[in-house]
Amino acid sequence: MSVNNCQLLEFPRILDPRGSLTPIEGGTQVPFDIQRVYYIYDVPAGASRAGHSHRELQQVLVAISGSFDVHVDDGRERKVFHMNRPYLGLYVPKMIWREIDNFSAGSVCVSLASAHYEESDYYRNYDDFLQAVRGLA
Ligand code: T46
């Protein structure tokens, strides 16, 4: 898997004098069926999240409110995405190391995930991730 497979997805925006609405449908706006949604909020200044990879899980990360940076790494190349629009999602496929930092005050990161939570799906140690990536290459 390559960081070039990490892509920004633009979701529909239904603009209205009452406010804006963005629908996200699994299998249509995101390239998998959504099995789980979780969100990260109340992040203290200077904190970072993630710092791991998934063996199989695919996700889409959305800055529903505020902004943050997502650093992605395939073991060879790295990229950074600054997320700051509620109608943009970052697709992160399996076997990509990710870290999230630079959260603005009050920001909320929503994750749409392709599977239920499974701790055995994680690489939480970077060296283990690198070994796995090299083994697959
Ligand atoms: C990711 C980034 C963006 C659960 O019980 N259920 C869940 O669905 C999740 C995601 C976590 N947990 C438990 C596991 C840990 O005891 O919540 C605790 C914190 O999880 P973690 O340290 O993995 O949180 P982050 O913010 O470092 O990472 C999470 C996701 O785990 C990960 O898939 O890509 O958000």
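Counting starts at 1 for both ligands and their atoms, following the listed order.
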Novice: With distance as the sole criterion, is a donor-acceptor pair present between the side chains of Glu99 and Ser48 under 3.5 Å?
Specialist: no

Novice: Which distance, rounded to the nearest 0.5 Å, do you find between the CD of Gln35 and the NE2 of His116?
Specialist: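 Gln35 atom CD to His116 atom NE2 measures 5.0 Å (nearest 0.5 Å).
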
Novice: Identify, for atom 35 (O) of ligand 1, the protein heavy atom at the shortest distance, and state residue, atom and that distance.
Specialist: Tyr38 OH, 3.1 Å

Novice: With a 4.5 Å limit on heavy-atom distance, are the side chains of Asp74 and Val133 in contact?
Specialist: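 Heavy-atom side-chain distance check fails, nothing below 4.5 Å.
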
Novice: With the side chain counted from C-beta on, respond yes when Ser104 and Asn84 share a heavy-atom pair under 4.5 Å apart, and no when they do not.
Specialist: no

Novice: Minimum distance, heavy atoms only, to atom 21 (P) of ligand 1: which one of His116, Arg124, His54 is it?
Specialist: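 Residue with the shortest heavy-atom distance to the ligand atom: Arg124.
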
Novice: At under 4.0 Å between heavy atoms, is it the side chain or the backbone of Val92 that contacts ligand 1, or both, or neither?
Specialist: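 Neither part.
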
Novice: Give me the residue, atom name and distance of the protein heavy atom closest to atom 27 (O) of ligand 1.
Specialist: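 Result for atom 27 (O) of ligand 1: Ala50 N, 2.8 Å.
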
Novice: Side chains of Tyr123 and Gln131: do they bring a donor and an acceptor to under 3.5 Å?
Specialist: no

Novice: Could you tell me whether the side chain of Pro86 reaches within less than 4.5 Å of the side chain of Thr22, counting heavy atoms only?
Specialist: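 Thr22 does not reach Pro86 side chain to side chain.
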
Novice: List every atom of ligand 1 that sits less than 4.0 Å from any heavy atom of Ile100, numbering the atoms from 1 in the order shown and giving each element.
Specialist: 3 (C)

Novice: At what distance is the nearest protein heavy atom to atom 34 (O) of ligand 1, and which residue and atom is it?
Specialist: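 Nearest neighbour among protein heavy atoms for atom 34 (O) of ligand 1, to 0.1 Å: Gln59 NE2, 2.8 Å.
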
Novice: Would you call Glu10 and Arg85 a salt bridge, using N to O less than 4.0 angstrom?
Specialist: no

Novice: Show me which atoms of ligand 1 lie under 4.0 Å from any heavy atom of Ile40.
Specialist: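 Answer, ordered by atom number: 26 (O), 35 (O).
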
Novice: Could you identify the single nearest non-hydrogen protein atom to atom 31 (O) of ligand 1 and state the distance to 0.1 Å?
Specialist: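 The closest heavy atom on the protein side is Tyr122 OH, 2.5 Å.
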
Novice: Look at ligand 1 and say whether Ser111 reaches it with a heavy atom at a distance under 4.0 Å.
Specialist: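 Per 4.0 Å heavy-atom rule, Ser111 does not contact ligand 1.
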
Novice: What is the closest protein heavy atom to atom 32 (C) of ligand 1, and at what distance does it sit?
Specialist: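 Nearest neighbour among protein heavy atoms for atom 32 (C) of ligand 1, to 0.1 Å: His52 NE2, 2.9 Å.
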
Novice: Under the 4.0 Å line, does any protein heavy atom show up next to atom 18 (C) of ligand 1?
Specialist: no

Novice: Return the closest protein heavy atom for atom 14 (C) of ligand 1 as residue, atom name and distance.
Specialist: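 Checked against all protein heavy atoms, atom 14 (C) of ligand 1 sits closest to Tyr117 OH, 3.3 Å.
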
Novice: Does some side-chain heavy atom of Leu61 sit less than 4.5 Å from a side-chain heavy atom of Met83?
Specialist: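 No, too far: nothing below the 4.5 Å cut-off.
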
Novice: So, do Tyr41 and Phe103 sit near enough that their side-chain heavy atoms are less than 4.5 Å apart?
Specialist: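 No, every pair of side-chain atoms sits at 4.5 Å or beyond.
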
Novice: Tell me the protein heavy atom at minimum distance from atom 24 (O) of ligand 1, and give that distance in Å.
Specialist: Arg49 NH2, 3.3 Å

Novice: Got the closest protein heavy atom to atom 10 (C) of ligand 1, with its distance?
Specialist: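 Closest protein heavy atom to atom 10 (C) of ligand 1: Arg36 NH1, 3.4 Å.
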
Novice: Is there a side-chain contact between Tyr91 and Val60, using heavy atoms and a 4.5 Å cut-off?
Specialist: yes

Novice: So, regarding Leu61 and ligand 1 (criterion: nitrogen or oxygen to nitrogen or oxygen, under 3.5 Å), is there a contact or not?
Specialist: no

